[in-house]
Amino acid sequence: MTPGPCGELAIMSNNFGPLLEAIEADDRAAVKRLLKADGRLAVARVAKPKLYQQPILHWLYQNDTPLHLAAAGYRVEIARMLLDAGADPRAADNSRRGAPLHYAADGYPNGPAWDPTRQVAMLACLLEAGAELRAPDRNGATALHRAVRTRCADAVSLLLEAGADPLLPNRSGTTPFHLAVQNSGRGGSGAAEAVAQQRRIIETLLARGVSPEAKNAQGKSVRDSAKSPWICDLLAASSG
């Protein structure tokens with residue numbers, strides 16, 4: 001038989017789609033009921049990409065798992081249920097290679113559903129379960145790169161405390177600190193809340209003693225990568 005649209009487990013069960021819907025709705029009772037009926041749902045894989053709108057606002061890609069969706073929506077209690085049922089905190093898809101930790105590190109500071117407290121709790125839950133802190137996605141980005149890019153200051157602090165490297169380059173040679181002082185290209189990154197988060201991220205990195213003179217793979221320092229006057233002033237003050 002040909003796999004159904006939700007993943008290969010759809011061959012055996014019609015409950016994979018409802019499981020994803022229950023995660024999206026943060027319906028913990030429904031998730032618990034579905035996993036009790038068939039624990040294999042926790043390790044099923046998505047067959048076709050889908051963009052989840054608010055309140056999660058994140059893509060699921062081919063071979064993502066229910067844990068990816070729970071991570072993206074900061075569904076901490078549901079993530080624990082999935083992990084107890086056998087979900088793999090290191091699971092990555094075949095195309096983008098994003099793990100649940102990457103999805104949990106993403107956020108929209110100017111979005112109505114963003115919850116930094118639950119985001120931090122989600123990251124901590126995945127790390128406790130064995131998620132790989134330094135694992136790269138297809139672009140070589142770690143969870144720290146993605147938290148910096150999406151301007152999530154509390155997530156950045158949590159990942160740094162866990163041991164994430166702010167000077168680890170991605171495939172293009174960009175470190176998280178370089179990304180912190182540049183235009184990330186993420187939609188909404190110029191909004192007031194996102195800029196406030198960006199400032200906190202830079203201040204956090206400086207407070208941890210990360211040098212603005214650190215260079216990327218092209219030999220360009222963090223200081224030389226900064227263009228915005230307020231960022232240049234912030235870096236200059238750290239050297240004074």
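Worth knowing before you read on, the calculation uses all heavy atoms, side chains too, and leaves out hydrogens, waters and symmetry mates. Everything quoted here is computed from the prediction, not taken from an experiment. Residue numbers count from 1 along this sequence.
Nearest heavy-atom pair across Ile56 and Gly73 is CG1-CA, 3.8 Å. Considering all non-hydrogen atoms of both residues, Leu179 and His145 come closest at CD2-O, 3.4 Å. Scanning all heavy atoms of the two residues, the minimum distance from Ala131 to Arg90 falls at CA-CG, 4.3 Å. Nearest approach of Ile78 to Arg28, heavy atoms of both residues: CG1-CG, 3.8 Å. Ile202 approaches Val181 most closely through the heavy-atom pair CD1-CG1, 4.1 Å. Nearest heavy-atom pair, Arg146 versus Asp137, reported as atom, atom and distance to 0.1 Å: NH1-OD2, 3.1 Å.
Transitive grouping of hydrophobic side chains (ILVMFWY, heavy atoms separated by less than 4.5 Å) keeps Val222 and Leu168 in distinct clusters. Residues Leu19 and Trp59 fall within the same hydrophobic cluster, defined by Ile, Leu, Val, Met, Phe, Trp and Tyr side chains chained together at heavy-atom separations under 4.5 Å.
Put simply, CZ on Arg208 and CD on Glu161 are 5.0 Å apart, with the number rounded to the nearest 0.5 Å. Note that CG of Leu35 and CG of Asp84 are 9.5 Å apart. Values are rounded to the nearest 0.5 Å. In this structure, the separation between CG on Asp165 and OG1 on Thr142 is 8.0 Å, given to the nearest 0.5 Å. Taking CD of Glu128 as the start and CG of Leu123 as the end, the distance is 13.0 Å to the nearest 0.5 Å. For the atom pair Asp224 CG and Cys232 SG, the distance stands at 9.5 Å (nearest 0.5 Å). Of the inter-residue distances, the one linking Leu101 atom CG with His68 atom NE2 reads 10.0 Å to the nearest 0.5 angstrom.
Looking at heavy atoms from C-beta onward, Leu41 lies out of side-chain contact with Pro66 at the 4.5 angstrom threshold. Side-chain atoms of Pro136 and Asn170, non-hydrogen and from C-beta on, never get closer than 4.5 Å to each other. A 4.5 Å side-chain heavy-atom check between Asp64 and Leu69 finds every atom pair outside the cut-off. You'll find the side chain of Leu235 reaches within 4.5 Å of the side chain of Leu206, heavy atoms only. With a 4.5 Å cut-off on side-chain heavy atoms, Leu127 and Leu158 count as touching. Two residues are said to be in side-chain contact when any heavy atoms from C-beta on lie closer than 4.5 Å; Phe177 and Leu144 fail this criterion. For the pair Lys227 and Gln182, the minimum side-chain heavy-atom distance is 4.5 Å or more. With a 4.5 Å cut-off on side-chain heavy atoms, Val31 and Ile23 count as touching.
Judged by distance alone, the side chain of Gln198 and the main-chain N or O of Ala180 form a donor-acceptor pair under 3.5 Å. Between the Thr175 side chain and the Leu167 main chain, no donor and acceptor come within less than 3.5 Å of each other. Remark: side-chain polar atoms of Ser228 are not paired, donor with acceptor, to backbone N or O of Trp230 under 3.5 angstrom. Arg45 places no side-chain N or O within donor-acceptor distance of the main-chain N or O of Gln62, the cut-off being under 3.5 Å. Remark: side-chain polar atoms of Gln197 are paired, donor with acceptor, to backbone N or O of Ala153 under 3.5 angstrom. In this structure, His178 contributes its side chain and Pro169 its backbone to no donor-acceptor pair below 3.5 Å. Counting only distance, with no hydrogens or angles, the side chain of Thr65 and the backbone of Leu67 share a donor-acceptor pair below 3.5 Å. Counting only distance, with no hydrogens or angles, the side chain of Gln119 and the backbone of Asp106 share a donor-acceptor pair below 3.5 Å.
Ionic pairing of Arg200 and Asp154 is present here: one or more N-O contacts between side-chain nitrogen and carboxylate oxygen are shorter than 4.0 angstrom.
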Kindly indicate, with the supporting measurements, whether the criterion side-chain contact (heavy atoms from CB on, under 4.5 Å) is fulfilled by Leu234 and Glu203. CA-CA 8 Å; Leu234 197 59; Glu203 291 174 341; 4.1 Å; yes
Apply side-chain contact (heavy atoms from CB on, under 4.5 Å) to residues Met81 and Lys36 and explain how you reach the verdict. CA-CA 10 Å; Met81 293 181 202; Lys36 184 176 181 180; over 6 Å; no
Hey, mind stepping through Asp38 and Asn15 against side-chain contact (heavy atoms from CB on, under 4.5 Å) and telling me if it holds? CA-CA 9 Å; Asp38 190 346; Asn15 287 329; 5.6 Å; no
Which is it for Leu83 and Cys125 under the side-chain contact (heavy atoms from CB on, under 4.5 Å) test, yes or no, and what are the steps along the way? CA-CA 10 Å; Leu83 290 164; Cys125 172; 3.9 Å; yes
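Looking at Tyr103, Tyr52, Tyr108, Tyr74 one by one, the single match for ring-ring contact (aromatic ring centres under 6.0 Å, His included) with His58 turns out to be Tyr103.
With a 6.0 Å radius and a threshold of 12 heavy atoms from other residues, nucleotides or ligands, Arg171 has its CZ atom at or below the threshold. When the shell of 6.0 Å around CD of Gln218 is examined, it contains more than 12 heavy atoms from other residues, nucleotides or ligands.
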